2 protein chains.
Amino acid sequence: MERPRIRDYFQQDLSQNETITPKQRAILQASLDLFAEKGFDQTSTSDIAQRAGVAEGTVYRRYKTKAALRDAILAPITAHIVPILASDFSEDELRQRYPSLQAFVTAIFTDRVAFAKANVKELKVIFEMAAFDTERREQILSQIAPKMVKPMGSVINQLKADHLIVDWPNDLILQSLLSQLFGYLAQLMLELPGTEIEREQAYLITVMTKILTPGEHDQITGQ
Amino acid sequence: MERPRIRDYFQQDLSQNETITPKQRAILQASLDLFAEKGFDQTSTSDIAQRAGVAEGTVYRRYKTKAALRDAILAPITAHIVPILASDFSEDELRQRYPSLQAFVTAIFTDRVAFAKANVKELKVIFEMAAFDTERREQILSQIAPKMVKPMGSVINQLKADHLIVDWPNDLILQSLLSQLFGYLAQLMLELPGTEIEREQAYLITVMTKILTPGEHDQITGQ
DNA sequence: ATTAAGTGAGTGAGTATACACTCACTTTGA
DNA sequence: TCAAAGTGAGTGTATACTCACTCACTTAAT
């Protein structure tokens, strides 16, 4: 039930490239902070320079455009997001059955929630981008979807065979997982007052298990 | 179980003010469409004029600034959102007990989901604004919260007394309702592919009922 | 009835400003 | 001493907003 395998690159975040000057680090950090605070369009390059304690020209030394700067910020996360999402559903992991629904749900959420929590700002920037850039959104989804849908489908089918999970169509089950995750992300990103994120995190697994446990309330009644 | 009371002002939307010229209507409509498509900052006033088939000066005849134009678009929805959220929890409705958890959940979601569905574009604009304007976000929430929290608390306490609902703290129950709604809204607004919204709506009630039904999985396990 | 005066929505060229981006020059450090 | 990093004044452009003007239409006066 415990999965302490929180990936090391959570801390790494923006660094990874060894040959980076302190000023360039400051620029990346300032950009990330400002984009998350005010939004991409509402952040000017002079804002960034000022926050980073740097001349505006320095911003453009490494990154040709403002958009390129944003991409540079998101590069590490997009590089790691696919492995994170696909983790636990690799072929060899699949061979060992998930013994219980709880184990399955815990496996799904623990790492991913920790990842989200460690990258709230980045996620906010990604969401702002994806919200209005349809093409980009579809591109991101098309990368992620196949990594998740097929392997998780296998696990779900196993659980179904053992009557450990509710007998809904697989896509509905996936949708409910996604929906649940969205609700959590919204709370993280919007910093809704009165929300205790720690408790919310534990609650997520409890709730998701409850949703997927087979029972009598399972027929989906039309409106 | 049926609540056909979908409010009439769903259709009314932008009209309501009788003395409005066709061109001004066109401007409001074009603004709403463009803000929802491309985002507020990415929409120029000349874009709006062009889409509305109007000179740029005409946009500024009635609305002093671009932000005022956005506010004018959101005025009808913000005027109606509080009554919608508070509906079914007025004093006199409260006197008649909710006979079952299912009735409670259905009551909560039906109207609100219909409202959301009828105002996706407006909601998208509101969310864009709220995402980065902390002050505005808190202002909106401070208007909504008291209308929901207290009256729903009463209903929840009634249900608890009858052992019809899970024995969690009230704010956690509210949080789970909110979270569920967010997940749904995200799917609406992002137009995630492969999502059948109709089914999703029925599913929302089923799932929420299942979450709140008392059972053995209810202890919230910490990590 | 006809014309003059008035009204205000609509127009689009024009303005001021903010901002992304450049480049000739300076500083740093190996 | 040289190459790379950093600088900040400067430039072009996009765009929010203005304003003097048009014109269809209403009202008033003769």
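The chains referred to below are lettered A, B, ... by the order of the sequence lines, with proteins before strands, and numbering in each begins at 1. What you see is a predicted model; the values in this text were computed from it and never measured. Side chains included, hydrogens not; waters and symmetry mates left out as well; all remaining heavy atoms used.
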For the pair A/F104 and A/I156, evaluate side chain to side chain contact (heavy atoms under 4.5 Å, CB included) and give the outcome as yes or no after the intermediate values. CA-CA 9 Å; A/F104 173 63; A/I156 291 172; 4.1 Å; yes
Length of the line joining [X]:[atom1] and [N]:[atom2], which is rounded to integer Å:
| X | N | atom1 | atom2 | value |
| --- | --- | --- | --- | --- |
| B/Y63 | D/dA16 | OH | C1' | 17 Å |
| B/K38 | D/dA14 | NZ | C1' | 13 Å |
| A/Y60 | D/dT11 | OH | C1' | 13 Å |
| B/K66 | D/dA14 | NZ | C1' | 11 Å |
| B/L34 | D/dT15 | CG | P | 13 Å |

Taking for each residue the nucleotide of DNA chain D with the nearest heavy atom, is it A/R61 or A/G57 whose nucleotide lies nearer the 5' end? A/R61
Under a 4.0 Å threshold between the charged nitrogen and the carboxylate oxygen, would [Y] count as salt-bridged to [X]?
| X | Y | answer |
| --- | --- | --- |
| A/D47 | A/K38 | yes |
| A/R70 | A/E122 | no |
| B/R136 | B/D71 | yes |

Which residues, if any, of residues 44-56 of chain B bring a heavy atom under 4.0 Å of DNA chain C? B/V54, B/A55
Would B/E37 and B/R51 count as a salt bridge (Lys or Arg N to Asp or Glu O under 4.0 Å) if you check the C-alpha gap in whole Å, the side-chain angles of each, and the deciding distance to 0.1 Å? CA-CA 13 Å; B/E37 274 170 38; B/R51 174 80 67 102; 3.1 Å; yes
Which residue lies more 5' along DNA chain C, comparing B/P22 with A/D41 via nearest heavy atoms: B/P22
NZ (B/K147) with more than 12 external heavy atoms under 6.0 Å: no
Would you please indicate if the ring centroids of A/F182 and B/F182 are separated by under 6.0 Å? no
Footprint ends on DNA chain C, 5' to 3', for atoms under 4.0 angstrom from a heavy atom of chain B, come out as C/dA9 to C/dG12
Under the side chain to side chain contact (heavy atoms under 4.5 Å, CB included) rule, what do A/V125 and A/I77 come out as? Steps first, then yes or no, please. CA-CA 11 Å; A/V125 178; A/I77 216 187; over 6 Å; no
